[in-house]
Amino acid sequence: MEIFDYDKVLLLPRKCRVTSRSECDASVELGGRSFRIPVVPANMKTVVNEQICLWLARNGYFYVMHRFDLDNVKFVRQMKAEGVYASISLGVKPADYETVDRLAAEGLVPEYVTIDIAHGHADTVKNMIAHLKEKLPATFVIAGNVGTPEAIIDLENWGADATKVGIGPGKVCITRMKTGFGTGGWQLSAMKWCARVATKPIIADGGIREHGDIAKSIRFGATMVMIGSMLAGHEESPGQTVDEGGKLYKEYYGSASDFNKGEYKHVEGKRILEPVKGKLADTLREMEEDVQSSISYSGGRKLMDIRKVNYVILGGDNAGEHLLM
Ligand SMILES: NC(=O)C1=CN([C@@H]2O[C@H](COP(=O)(O)OP(=O)(O)OC[C@H]3O[C@@H](n4cnc5c(N)ncnc54)[C@H](OP(=O)(O)O)[C@@H]3O)[C@@H](O)[C@H]2O)C=CC1
Ligand SMILES: Nc1nc2c(ncn2[C@@H]2O[C@H](COP(=O)(O)O)[C@@H](O)[C@H]2O)c(=O)[nH]1
């Protein structure tokens, strides 16, 4: 198997078919809705909050609200009152089952639920998918996180409508160091490996460091990418602002860090400071323009045309050109 990550791959251009990048359509479909770009901000406390999620939904973006110190039922109710779709995260504990039961009892049906646990290839996830499908059958269920084809096959067979791939490639992840496991350092080839068996959409989660990594994820089978660090650190981001030597930073911490958990137990995440980088809306607009450019280099007009291009691997044992036959 080829092992590579985002920084070791470049996509090869094909003859241009547009006269302006604005002709390229960066939108993507997930769960029956169309979104402007194949990007979703990570469901983390220092990346999204209620206001940001509402803004994202109103402006044509996909969002997944985090699940920490939050009344999910109240959140769904508020989003419905605003006339936008509701997209929440759940774990697999008794309180999460209670949330599903309360939503069902009130007739509040979130359009999307993401089951979001560290080791998503587990019977706990199988049981939660079954519960969701029984109580909220119209909800689109995303399940993760996983990093192998076996896990993708199981999650899909258990009823997940989409899966999320990425164990430890995130900027504030320390899973790799703490446990010796994960897809950190080879996330892009893990995506390729998983996509070979997937019959439903995959969200590539973690490790995106450049806008061009979005196109690379699509090329290797992602439908959407989840981004934390690059979408944290904005003026409106929820993390605390820190002034260091006159330069402004925003905190960004892992969901499995002691900062999120409130205790040092089974810690697999850390806290860093991200330089404050302007408005989230501007970064998302630039990402859209860059994805449009990627589509134009692929010789296409729509997002999935990126899947058709060849690529090269730079340096290392797998180096070489890879042609689609
Ligand atoms: N993508 C990634 O690489 C990672 C992401 N995270 C993020 O951190 C947040 C917290 O995750 P998580 O701790 O799972 O959520 P929870 O604290 O909600 O735990 C979910 C359940 O899974 C159990 N659990 C957690 N890890 C394992 C494991 N390795 N093996 C068996 N059972 C496990 C927990 O029990 P117990 O705690 O008692 O073991 C608990 O019952 C999530 O948002 C998750 O996505 C965390 C780590 C890695
Ligand atoms: N191993 C851990 N992974 C975590 C933790 N908190 C979040 N995450 C994952 O990281 C991505 C974001 O990655 P980035 O490279 O874009 O910053 C996020 O979506 C989660 O899957 C954690 O504490 N430990």
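On a predicted model such as this, the values are computed, not experimentally measured, just so you know. Start at 1 and go down the list; that is how both ligands and their atoms are numbered. When a residue number appears, it is its place in the shown sequence, counting from 1.
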hydrophobic_cluster_shared for Val225 and Tyr297, side chain cutoff 4.5 Å: no
With His211 via ring-ring contact (aromatic ring centres under 6.0 Å, His included) - residues at least two apart: none
Hey, is [atom] touched by any protein heavy atom at less than 4.0 Å?
{"atom": "atom 2 (C) of ligand 1", "value": "yes"}
{"atom": "atom 13 (O) of ligand 1", "value": "no"}
{"atom": "atom 32 (N) of ligand 1", "value": "no"}
{"atom": "atom 40 (C) of ligand 1", "value": "yes"}
{"atom": "atom 18 (O) of ligand 1", "value": "yes"}
{"atom": "atom 8 (O) of ligand 1", "value": "yes"}
{"atom": "atom 25 (C) of ligand 1", "value": "no"}

Have a look at ligand 1 and work out which part of [X], if any, has a heavy atom under 4.0 Å from it: side chain, backbone, both or neither.
{"X": "Phe68", "value": "side chain"}
{"X": "Asn145", "value": "side chain"}
{"X": "Ile117", "value": "both"}
{"X": "Asn43", "value": "neither"}

Assess the side chains of [X] and [Y]: does a donor N or O sit below 3.5 Å from an acceptor N or O?
{"X": "Asn43", "Y": "Ser89", "answer": "yes"}
{"X": "Thr283", "Y": "His234", "answer": "yes"}
{"X": "Ser27", "Y": "Asp25", "answer": "yes"}

Please list the nearest protein heavy atom to [atom] with its residue and the distance rounded to 0.1 Å.
{"atom": "atom 48 (C) of ligand 1", "value": "Thr175 OG1, 3.5 Å"}
{"atom": "atom 35 (O) of ligand 1", "value": "Lys93 CE, 5.0 Å"}
{"atom": "atom 21 (C) of ligand 1", "value": "Val92 CG2, 3.7 Å"}
{"atom": "atom 44 (C) of ligand 1", "value": "Asp116 OD1, 3.7 Å"}
{"atom": "atom 37 (O) of ligand 1", "value": "His266 CD2, 4.1 Å"}

Criterion side chain to side chain contact (heavy atoms under 4.5 Å, CB included) on Lys164 and Met226, from CA distance to verdict: CA-CA 9 Å; Lys164 197 146 72 74; Met226 179 170 263; 3.6 Å; yes
Close approach of Thr124 to ligand 1, heavy atoms, under 4.0 angstrom: no
Close approach of Gly168 to ligand 1, heavy atoms, under 4.0 angstrom: yes
Approximate separation, where rounding is to 0.5 Å, of Ile52 CD1 and Glu50 CD: 10.0 Å
Of the listed options Lys261, Arg67, Met44, Glu268, closest to atom 10 (C) of ligand 1 (non-hydrogen atoms): Arg67
Residue selection (non-hydrogen contact nearest atom 4 (C) of ligand 1) among Ser255, Ala118, Pro169: Ala118
Where Gly120 and Val125 come nearest, the two heavy atoms and their spacing: O-CG2, 3.4 Å
Short side-chain to backbone donor-acceptor contact, Asp71 and Val73, under 3.5 Å: yes
Check: Asp213 side chain, Ile208 main-chain N or O, donor-acceptor pair, under 3.5 Å: no
Hey, can you tell me if [X] and [Y] have their rings parallel, tilted or perpendicular (30° and 60° cut-offs)?
{"X": "Tyr112", "Y": "Phe140", "result": "perpendicular"}
{"X": "Trp55", "Y": "Tyr61", "result": "parallel"}
{"X": "Tyr311", "Y": "Phe220", "result": "perpendicular"}
{"X": "Tyr63", "Y": "Phe75", "result": "perpendicular"}

Under 4.0 Å to a heavy atom of [X] - the qualifying atoms of ligand 1, by number:
{"X": "Ile167", "value": "3 (O)"}
{"X": "His119", "value": "28 (C), 29 (N), 30 (N)"}
{"X": "Gly166", "value": "1 (N), 2 (C), 3 (O)"}

Verdict with reasoning, Arg17 to Asp305, per salt bridge (Lys or Arg N to Asp or Glu O under 4.0 Å): CA-CA 11 Å; Arg17 285 179 210 282; Asp305 289 331; over 6 Å; no
Evaluation steps, salt bridge (Lys or Arg N to Asp or Glu O under 4.0 Å), between Glu251 and Arg271: CA-CA 7 Å; Glu251 64 176 355; Arg271 172 185 179 266; 2.9 Å; yes
Heavy-atom neighbours of Glu106 CD exceed 12 at 6.0 Å: yes
Residue shell around ligand 2, heavy atom under 4.0 angstrom: Ala42, Met44, Asn145, Gly170, Lys171, Cys173, Thr175, Asp205, Gly206, Gly207, Arg209, Met226, Ile227, Gly228, Ser229, Tyr252, Gly254, Ser255, Ala256, Ser257, Glu268, Gly269
